[in-house]
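Here the structure is a predicted model, which is why all the values come from computation and not from measurement.
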Amino acid sequence: MDHINNVTEFIFLGLSPHPGVQRVCVVIFLLLYMAIVLGNLLIVLTVMTSRSLGSPMYFFLSYLSFVEICYSSTTAPKLISDLLAERKTISLWGCMTQLFFIHFFGGTEIFLLTVMAYDRYVAICKPLNYTTIMNRQVCAVLVGLAWVGGFVHSFAQVLVILHLPFCGPNVIDHYFCDLLPLLKLVCSDTFLFGLLIVANGGTLSVISCVVLLGSYVVILFHLRIRSSEGRRKALSTCGSHVTVVILFFGPCIFIYLRPSATLAVDKMVAVFYTVVTLLLNPFIYSLRNAEVKKAMKRLWIRTMKLDEK
């Protein structure tokens with residue numbers, strides 16, 4: 001670590017240099033962050049308290065919502081506080097910590113979405129063996145593997161950055177610590193490290209996305225023999241998942257498949273996958289799922305009755 005002691009902190013340029021725009025952004029992002037936390041927390045509580053949502057699909061959904069709360073919390077609070085500050089700084093180790101957790105929770109979400117696609121494949125293509133294949137032990141192992149996969153992915157990304165020399169300048173043209181903006185500050189050739197980032201981040205996103213979409217092609221093929229009602233229900237459930245996959249993987253692939261350059265639009269794309277997508281997911285899964293809506297209604301009724309007592 002001696003080779004990076006010249007830089008002890010980084011300065012963010014943030015989303016906008018204009019104070020008026022920053023004040024508006026504070027209100028917007030505070031409301032968005034609160035909606036993300038409350039929306040995903042509502043899903044977690046609904047799944048935990050509802051007996052009708054005991055299937056593996058909702059088990060994975062609750063973990064996905066929990067991960068999204070953690071994922072949004074790695075960037076949104078710092079972004080909001082920086083919008084109120086004149087000098088937007090973060091320490092070197094604070095930057096590395098933020099980078100680690102962004103990719104840890106982001107990688108975990110990628111693996112969880114893959115696990116959820118496998119769950120839908122088993123439920124639709126092997127319905128008679130579903131409860132045997134997707135038992136509690138298997139579900140717990142799959143969730144554990146998702147966490148481990150996220151950790152390995154993130155550790156590899158941070159390991160790359162830790163071995164790079166930062167000699168100055170220390171100004172990051174972004175609102176959080178991410179790989180590409182940090183690579184621009186390295187005072188050595190980063191071509192090889194860029195390839196490693198593509199291999200770890202970009203390729204992981206592409207392969208996962210292809211596997212996910214491929215699994216739904218197989219599911220659609222099997223739906224041909226189902227009744228119209230069965231097809232409708234299966235497509236409704238899978239449609240929610242496909243929507244989330246596209247919204248999450250699209251921006252990630254756009255960002256992490258070109259490590260040699262950054263674009264002006266990158267910050268807006270980052271806002272999309274660190275804030276907007278996380279906000280939309282609770283609405284996509286709740287508004288398109290009748291069972292979740294019914295369970296939320298029952299939870300609300302129980303809560304109101306407790307308040308009356």
Side-chain angles (χ1 to χ4, degrees), residues 1-17 22 25 29 70-108 150-205 251-275:
M1 290 298 295
D2 293 339
H3 59 280
I4 62 173
N5 283 344
N6 289 344
V7 173
T8 58
E9 69 174 12
F10 295 102
I11 301 172
F12 293 128
L13 292 183
L15 291 175
S16 172
Q22 291 183 20
C25 287
F29 284 102
C70 298
Y71 187 33
S72 64
S73 298
T74 60
T75 57
K78 176 62 176 171
L79 169 61
I80 294 168
S81 64
D82 281 346
L83 287 169
L84 297 170
E86 291 186 10
R87 194 167 182 267
K88 306 166 178 53
T89 62
I90 187 170
S91 67
L92 171 65
W93 285 108
C95 184
M96 294 300 109
T97 301
Q98 186 182 55
L99 179 66
F100 173 81
F101 282 108
I102 286 172
H103 286 273
F104 174 45
F105 293 121
T108 302
F151 177 84
V152 172
H153 161 72
S154 181
F155 183 77
Q157 299 287 59
V158 174
L159 194 62
V160 169
I161 293 296
L162 284 176
H163 284 81
L164 296 177
F166 294 100
C167 311
N170 64 338
V171 179
I172 300 177
D173 187 12
H174 216 303
Y175 64 90
F176 66 90
C177 288
D178 204 4
L179 295 167
L180 304 190
L182 284 171
L183 282 182
K184 292 182 66 177
L185 305 182
V186 174
C187 49
S188 67
D189 181 31
T190 60
F191 177 75
L192 178 60
F193 294 102
L195 292 180
L196 292 175
I197 290 172
V198 168
N200 187 20
T203 305
L204 173 65
S205 298
C252 289
I253 291 172
F254 175 80
I255 292 291
Y256 295 109
L257 273 184
R258 44 173 189 76
S260 59
T262 57
L263 301 176
V265 74
D266 284 357
K267 283 191 278 190
M268 293 301 102
V269 175
V271 168
F272 195 85
Y273 70 80
T274 59
V275 178

Visitor: Taking Ser154 for the side chain and Gly150 for the main chain, is one N or O donor matched with an acceptor at less than 3.5 Å?
Guide: no
Visitor: If you measure from CE on Met96 to CG on Leu159, what distance do you get to the nearest 0.5 Å?
Guide: 11.5 Å
Visitor: So do the side chains of Val186 and Phe166 get within less than 4.5 Å of each other, counting heavy atoms only?
Guide: yes
Visitor: Hey, would you say the Phe10 and Phe176 ring centroids sit under 6.0 Å apart?
Guide: no
Visitor: Between atom NE2 of His174 and atom CG of Leu15, what is the distance when rounded to the nearest 0.5 Å?
Guide: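 The NE2 atom of His174 sits 8.5 Å away from the CG atom of Leu15.
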Visitor: Nearest 0.5 angstrom please: Ile80 CD1 to Leu84 CG, how far?
Guide: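 Answer for the CD1-CG pair, Ile80 versus Leu84, is 8.5 Å.
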Visitor: Let me confirm one number: the OG-CZ distance from Ser73 to Phe101, rounded to the nearest 0.5 Å.
Guide: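 One gets 11.5 Å once the value is rounded to the nearest 0.5 Å.
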Visitor: Does Tyr175 reach the main-chain N or O of Val271 with its side chain, forming a donor-acceptor pair under 3.5 Å?
Guide: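 Yes.
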Visitor: Run the side-chain contact (heavy atoms from CB on, under 4.5 Å) check on Leu182 and Cys95 step by step: do they pass?
Guide: CA-CA 10 Å; Leu182 284 171; Cys95 184; 4.0 Å; yes
Visitor: Given side-chain contact (heavy atoms from CB on, under 4.5 Å), test Lys88 with Ile172 step by step and report yes or no.
Guide: CA-CA 10 Å; Lys88 306 166 178 53; Ile172 300 177; over 6 Å; no
Visitor: Compare every heavy atom of Ser72 with every heavy atom of Pro77, then report the nearest pair and how far apart it is.
Guide: CD-O, 3.8 Å
Visitor: Using 0.5 Å steps for rounding, measure from the OH atom of Tyr273 to the OH atom of Tyr71.
Guide: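 Answer rounded to 0.5 Å: 5.5 Å.
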Visitor: Would you give the length of the straight line joining atom CG of Leu92 to atom CG of Asn170, rounded to the nearest 0.5 angstrom?
Guide: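 Reported value, rounded in 0.5 Å steps: 10.5 Å.
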Visitor: Assess whether side-chain contact (heavy atoms from CB on, under 4.5 Å) is satisfied between Thr74 and Thr274, documenting all intermediate values.
Guide: CA-CA 9 Å; Thr74 60; Thr274 59; over 6 Å; no
Visitor: With Val158, which of Thr97, Leu99, Ile102 fulfils side-chain contact (heavy atoms from CB on, under 4.5 Å)?
Guide: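 Looking at Thr97, Leu99, Ile102, the match for Val158 under the side-chain contact (heavy atoms from CB on, under 4.5 Å) is Leu99.
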Visitor: Going by side-chain hydrogen bond (donor to acceptor under 3.5 Å, both in side chains), Asp178 matches just one of His103, Gln157, Lys267. Which one?
Guide: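 The residue from His103, Gln157, Lys267 that satisfies side-chain hydrogen bond (donor to acceptor under 3.5 Å, both in side chains) with Asp178 turns out to be His103.
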